[in-house]
Structures are given as structure tokens and as C-alpha cells.
Amino acid sequence: MTTPVKLIRACLVGASLLAVAACGSATVGSTSAGGASTTASSDASDATVLGLPSAEQRRAYGVTVPPGATDVSYGFYKVGGGGDLWTTFKTGQEGLDAFLTGLGLKESDLNPGVQEFTDADLKLTGWSIDPTHTLKGIMAPAKEEDMKSPSHTIVVDYTGPGPFTVYVLAGKP
């Protein structure tokens with residue numbers, strides 16, 4: 001076989017392998033700063049990036065990051081017509097109240113000492129939440145009248161001085 005034919009064959013095989021690998025990938029949406037987009041393997045926790053989810057993702061998944069929040073990061077895993085959007089940020093009392101109000105919740109709705117995430121949730125997001133911390137959490141299901149609306153699992157870590165750490169996993173069927 002001649003060298004140009006070998007080169008073309010190698011390129012075709014490489015392109016085919018890349019196409020097969022891309023079929024099972026998770027998509028990470030745009031960051032507010034740069035609009036970059038990447039793909040990750042089936043371990044979606046590798047897909048967490050710094051910055052805000054896109055405006056479209058925040059709207060579709062009902063996640064509002066309060067103004068002034070810091071250490072914002074997120075990831076997105078698309079499954080069929082739905083998927084999971086996970087977001088974490090640090091905020092003070094006013095930001096926490098605004099965030100919860102946006103979901104139709106109050107701080108008193110959170111269950112003290114409860115870490116609502118399953119092991120599968122933690123593996124997906126890559127989060128490691130210390131159960132000895134002062135935690136409150138809640139699982140807010142999708143609206144009964146709109147089963148395509150997102151569910152929200154929320155944990156707030158109140159430990160330490162300074163802002164609270166908020167973990168949000170929003171899922172849509």
C-alpha cells in the first residue's frame with residue numbers, strides 16, 4: 001500500500017473512533033466569561049467548570065445564581081430531552097434568601113442536618129460534602145401540573161465564618 005493511501009486510511013480510522021467516542025459524551029454549556037464549550041467522558045464530574053451556566057440553562061432548569069455570589073461552578077449532563085444541571089456557589093444570607101425565593105422556597109423549608117444527595121448524585125457532580133458540617137437540605141420535586149419542569153435537590157453548608165456554600169442539582173426528564 002502506498003504512503004498516501006496509508007495516511008488516508010489512518011485519518012478515516014481516527015475520525016471514526018472520535019465519532020464513536022463522542023456519542024456517549026456529556027456536554028458542558030457556555031460559561032458567562034468566555035462561551036467555551038467542551039465535552040467530557042461519561043464521568044460527568046470531570047465536566048464541572050468555573051463560571052455561570054448559560055442563561056438558557058439557568059432558565060430551563062430554574063437555577064438563579066444570586067448577584068454577588070462567589071466561587072460559582074457548574075456542570076451539565078444531557079440525557080435524551082432532559083438532563084442534569086449542577087451548580088455550586090457561595091453567598092450570604094440575602095443571596096440565599098433570593099435564591100430560595102426564586103424556587104418558591106423559604107429557608108425554614110430546609111431540613112436541618114440533612115444532606116439530600118444520593119451517592120449517584122455525588123459521583124455525577126464530583127461534590128464531596130462533609131457530613132459533619134452544619135447542613136440543611138431539601139428535595140423539591142417537579143411541579144405536579146408540569147412534569148417537564150425541573151426537580152431541585154439543594155444542600156446549604158452553613159459551616160464556618162463567611163458565606164454559605166450552596167449546592168444545587170436540577171434535573172429534567
Side-chain angles (χ1 to χ4, degrees), residues 26-79 82-143 149-172:
T27 301
V28 177
S30 300
T31 64
S32 62
S37 178
T38 60
T39 57
S41 67
S42 60
D43 184 2
S45 63
D46 293 337
T48 300
V49 296
L50 295 177
L52 286 170
S54 71
E56 180 181 327
Q57 288 171 325
R58 291 192 312 263
R59 181 193 51 74
Y61 285 84
V63 174
T64 303
V65 177
T70 61
D71 297 335
V72 180
S73 64
Y74 77 99
F76 180 69
Y77 187 69
K78 186 164 180 62
V79 181
D84 294 307
L85 173 68
W86 58 95
T87 309
T88 186
F89 56 89
K90 292 187 179 199
T91 190
Q93 187 66 55
E94 188 175 300
L96 177 62
D97 291 342
F99 167 74
L100 292 171
T101 299
L103 293 172
L105 299 169
K106 301 180 298 277
E107 191 173 8
S108 61
D109 294 329
L110 301 177
N111 301 307
V114 175
Q115 193 275 86
E116 295 282 352
F117 298 113
T118 66
D119 288 340
D121 293 340
L122 294 173
K123 183 177 180 187
L124 173 71
T125 62
W127 292 333
S128 177
I129 301 172
D130 188 338
T132 64
H133 283 191
T134 304
L135 305 173
K136 289 185 180 181
I138 190 168
M139 196 301 202
K143 298 174 187 170
S149 68
S151 63
H152 295 93
T153 305
I154 303 159
V155 170
V156 180
D157 187 339
Y158 290 86
T159 304
F164 313 124
T165 303
V166 179
Y167 301 88
V168 185
L169 176 59
K172 290 179 79 170

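These numbers come from a predicted model, not from an experiment.
Scanning all heavy atoms of the two residues, the minimum distance from His133 to Asp157 falls at ND1-OD2, 2.7 Å. Nearest heavy atom pair, residue Leu85 against residue Gln57, reads CD2-O, 3.8 Å. Glu107 and Tyr158 make their closest contact through OE2-OH, 2.5 Å (heavy atoms, listed as atom of the first residue, atom of the second, distance). Shortest non-hydrogen contact noted between Pro163 and Gly92 is CB-N, 4.2 Å. Listed here is the closest heavy atom pair of Pro53 and Arg58: O-NH1, 2.5 Å. Smallest separation of non-hydrogen atoms from Gly62 and His152: O-NE2, 3.4 Å.
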Kindly determine whether Trp86 and Val168 satisfy side chain to side chain contact (heavy atoms under 4.5 Å, CB included), including the steps that lead there. CA-CA 6 Å; Trp86 58 95; Val168 185; over 6 Å; no
How far apart are the C-alpha atoms of Val79 and Tyr77, what are their side-chain angles, what is the distance that settles it, and do they pass the side chain to side chain contact (heavy atoms under 4.5 Å, CB included) test? CA-CA 7 Å; Val79 181; Tyr77 187 69; 3.5 Å; yes
Might you work through the side chain to side chain contact (heavy atoms under 4.5 Å, CB included) test for Thr159 and Asp130, ending with a clear yes or no? CA-CA 10 Å; Thr159 304; Asp130 188 338; over 6 Å; no
Just do the side chain to side chain contact (heavy atoms under 4.5 Å, CB included) check on Leu105 and Ile154 with the steps written out, would you? CA-CA 11 Å; Leu105 299 169; Ile154 303 159; 3.8 Å; yes
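Taking NZ of Lys172 as the start and NZ of Lys78 as the end, the distance is 9.0 Å to the nearest 0.5 Å. Atom OG of Ser54 sits about 6.5 Å away from atom OH of Tyr74, to the nearest 0.5 Å. To the nearest 0.5 angstrom, Thr101 atom OG1 is 9.5 Å from Lys106 atom NZ.
Here the options are Leu135, Val156, Val155, the test is side-chain contact (heavy atoms from CB on, under 4.5 Å), and the partner is Leu110; only Val156 passes. The only option from Thr125, Val63, Thr64 that meets the side-chain contact (heavy atoms from CB on, under 4.5 Å) definition with Thr87 turns out to be Val63. Phe89 pairs in a ring pair (Phe, Tyr, Trp, His ring centres under 6.0 Å) with only one of the listed residues (Phe99, Tyr167, Phe164), which is Phe99.
Judged purely by atom type and a 3.5 angstrom limit, Asn111 uses its side chain to pair as donor or acceptor with the backbone of Gly137. Looking only at distances, no side-chain donor or acceptor of Asp97 sits under 3.5 Å from a matching main-chain atom of Glu94. Side-chain atoms of Thr153 never come within 3.5 Å of backbone atoms of Met139 as a donor-acceptor pair (strictly under, hydrogens ignored). Panel note: side chain Ser151, backbone Ala140; no donor-acceptor pair is recorded below 3.5 Å.
Side-chain contact between Thr165 and Thr88: present, with at least one pair of heavy atoms (C-beta onward) separated by less than 4.5 Å.
Other residues, nucleotides and ligands contribute at most 12 non-hydrogen atoms within 6.0 Å of the CG atom of Asp119. More than 12 heavy atoms of other residues, nucleotides or ligands sit less than 6.0 Å from atom CD of Gln93.
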